[in-house]
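Only one structure is covered here, and it is reproduced in the block below.
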Amino acid sequence: MGEMLQVKNLNVFYGSIHAIKDISFHVNEGEIVTLIGANGAGKTTTMHTISGLLKPKTGEVSFLGNPITQMEAHKIIRLGLSQVPEGRRVFSHLTVQENLTLGAYTRKDGSAAVANDLERIFERLPRLKERRKQQAGTLSGGEQQMLAIGRALMCKPKMLLLDEPSMGLSPLLVKEIFKIIQDVNQEGVTILLVEQNAKMALEIADRAYVLETGTIKMEGPADELANNIEIRKAYLGC
Amino acid sequence: MEFLSYLINGISLGSVYAIIALGYTMVYGIAKMLNFAHGDVIMVGSYLVFIGINQMGIPPLVAIIISMVACTLLGIIIERFAYKPLRGASSLAVLITAIGVSYLLQNLALLFWGSDPKSFTSVVTIPPLKLANGQLVISGETIVTIVTSTVIMIGLMLFVNRTKVGNAMLAVSEDKGAAQLMGINVNYTIALTFAIGSALAAVAGVLLCSAYPTLQPTTGAMPGIKAFTAAVFGGIGSIPGAMLGGVLLGIIEILSKAYISTQLADAIVFAVLIVVLLVRPTGLLGKKINEKV
Ligand SMILES: Nc1ncnc2c1ncn2[C@@H]1O[C@H](COP(=O)(O)OP(=O)(O)OP(=O)(O)O)[C@@H](O)[C@H]1O
Ligand SMILES: [Mg+2]
């Protein structure tokens with residue numbers, strides 16, 4: 001179980017705003033690691049930097065031993081690193097099926113294999129199957145989140161980044177989404193999960209990092225952090 | 001019968017506007033910029049066809065293909081050297097650059113080809129169609145224009161909606177970041193859009209100059225502005241909108257010329273645009289702004 005993703009001394013700026021301050025962390029192959037933190041802590045900034053949508057001022061990101069810090073976003077996904085972005089960002093004017101097919105944009109293994117995986121995604125997410133011809137913009141929030149996850153899985157990633165998949169969903173749907181994340185992990189996909197819902201995230205994660213105003217304040221096994229007094233006060237409300 | 005004949009001419013002119021408007025609207029949809037040099041690409045394309053046929057004796061169809069290839073390259077070069085360095089800059093800076101590119105192309109044409117108007121010989125050889133005992137005559141140019149435009153529009157719709165690359169274009173026009181996360185190369189997609197728009201401009205130039213045979217460095221300016229109007233009229237960013245807007249604009253222009261006043265026709269066209277935008281700010285088929293949850 002080697003290190004799959006490694007982030008070293010990362011510093012990210014928006015103009016003069018220093019959003020990420022020298023953070024380092026790693027994710028091992030097969031793990032679920034969660035990055036928890038309040039609004040504005042820098043979670044999305046970190047995710048965008050890993051995926052290549054933002055470029056850091058200093059620091060390094062490497063994936064499976066490849067340095068990807070300066071790599072363009074559309075090349076990073078080809079290494080098997082896929083992201084479910086914050087706010088889902090499905091293509092609202094395209095149908096469910098077109099969204100999923102675009103998820104397989106980088107694949108070169110032929111349309112039969114893609115069609116096959118499309119059916120597998122529909123089996124896993126039956127709500128999407130009924131709505132395959134529907135425009136994605138007309139889906140409910142929960143369905144859009146499932147679509148975003150399905151779309152990110154269509155490229156057959158080795159690692160999945162999820163940015164607040166529980167945002168704006170009912171507790172029941174959050175459970176469903178987290179179950180899907182666990183299943184995907186069981187099938188061998190490594191997970192980096194960003195969450196404000198610390199309770200749920202710590203329940204399914206192996207390890208966790210706590211991000212506060214751009215720095216990592218705490219790290220450790222998820223069950224240890226779940227029992228930590230400070231964490232309980234700040235993030236779990238008890 | 002007279003009305004029908006005007007209507008057909010309007011559809012014909014309008015479908016040329018539609019082809020030009022497609023270039024504006026696709027570029028706007030993808031790059032979120034108004035490429036005011038688009039009209040001048042039409043002019044360059046027309047000159048190339050003119051030179052090919054009249055000075056070099058190349059068969060019309062070959063001349064048109066050469067012109068399309070050259071305009072495609074011109075579109076890619078303009079994007080690469082004038083607009084790409086400004087990605088992320090303010091839209092005002094991009095707009096001023098586009099106007100600059102437009103003047104550059106016009107002045108280069110002046111330099112190379114001079115200011116005296118060239119009389120463009122129609123590339124259309126098919127005879128006019130006489131209907132209703134010769135009361136209704138449809139010129140060969142009109143037939144070719146309508147058929148060509150229809151084929152282009154259907155082809156483009158199929159390309160955008162049915163192919164992987166076309167869907168990638170739609171994805172980029174909706175959300176560049178999410179498109180990149182799918183592995184779509186945004187720079188390549190933008191260049192491709194300019195290439196397609198410019199190739200269409202070359203075709204539009206030939207059709208336009210076959211019907212209105214005076215060619216000079218400013219030839220592209222007015223059709224360019226009108227097609228831009230058509231794109232806004234139909235809803236900028238919307239491909240069906242550009243088609244509808246273009247055709248309607250052509251009809252309005254020709255009918256105004258026929259029944260109201262030749263001098264006022266352009267004013268009427270722009271007045272209609274203003275009224276439509278007052279009633280529907282996003283244009284006829286414009287997408288409403290997506291509300292993000
Ligand atoms: N485009 C931007 N321009 C300027 N500042 C930004 C930009 N995006 C984010 N920031 C700032 O960077 C900091 C981190 O933002 P980020 O979006 O990464 O937080 P987050 O942890 O994802 O928050 P949330 O839980 O609300 O999604 C914030 O202070 C934010 O204001
Ligand atoms: Mg965020």
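Below, chains carry the letters A, B, ... as their sequence lines are ordered, and counting in each starts from 1. Every value quoted in this text rests on a predicted model; they were computed, and no experiment measured them.
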- Determine the option with the most heavy-atom pairs under 4.5 angstrom with chain B, choosing from A/R151, A/H48, A/K75. A/R151
- Is it the backbone or the side chain of B/L170 that comes under 4.5 Å from a heavy atom of chain A, or both, or neither? side chain
- Message: Check whether B/Y17 forms a cation-pi arrangement with B/K226 (NZ or CZ under 6.0 Å from the six-membered ring centre, at most 45° off the ring normal).
- Response: no
- Message: Among B/V276, B/L277, B/L285, exactly one meets side chain to side chain contact (heavy atoms under 4.5 Å, CB included) together with B/F233. Which residue is that?
- Response: B/V276
- Close approach to chain B in residues 34-45 of chain A, criterion heavy atom under 4.5 Å: none
- Any chance CZ of B/R280 has more than 12 other-residue heavy atoms, nucleotides or ligands included, within less than 6.0 Å? yes
- Message: Counting only non-hydrogen atoms closer than 4.5 Å, does A/L53 touch chain B with its backbone (N, CA, C, O), its side chain (CB onward), both, or neither?
- Response: side chain
- Task: Please check if atom NZ in B/K32 has more than 12 non-hydrogen atoms from other residues, nucleotides or ligands closer than 6.0 Å.
- Result: yes
- Give the ring-plane orientation class for A/H26 versus A/Y209, where under 30° counts as parallel, over 60° as perpendicular and anything between as tilted. perpendicular
- Could you tell me whether a side-chain N or O of A/K133 sits under 3.5 Å from a main-chain N or O of A/T95, the two making a donor and an acceptor? no
- So which part of A/V90 gets closer than 4.5 Å to some heavy atom of chain B, the side chain, the backbone, both or neither? backbone
- Message: Tell me whether the count of non-hydrogen atoms from other residues, nucleotides or ligands lying under 6.0 Å of OH in B/Y188 goes above 12.
- Response: no
- Item | With B/T145, the side chain to side chain contact (heavy atoms under 4.5 Å, CB included) member among B/I11, B/V206, B/L207, B/L208 | B/L207
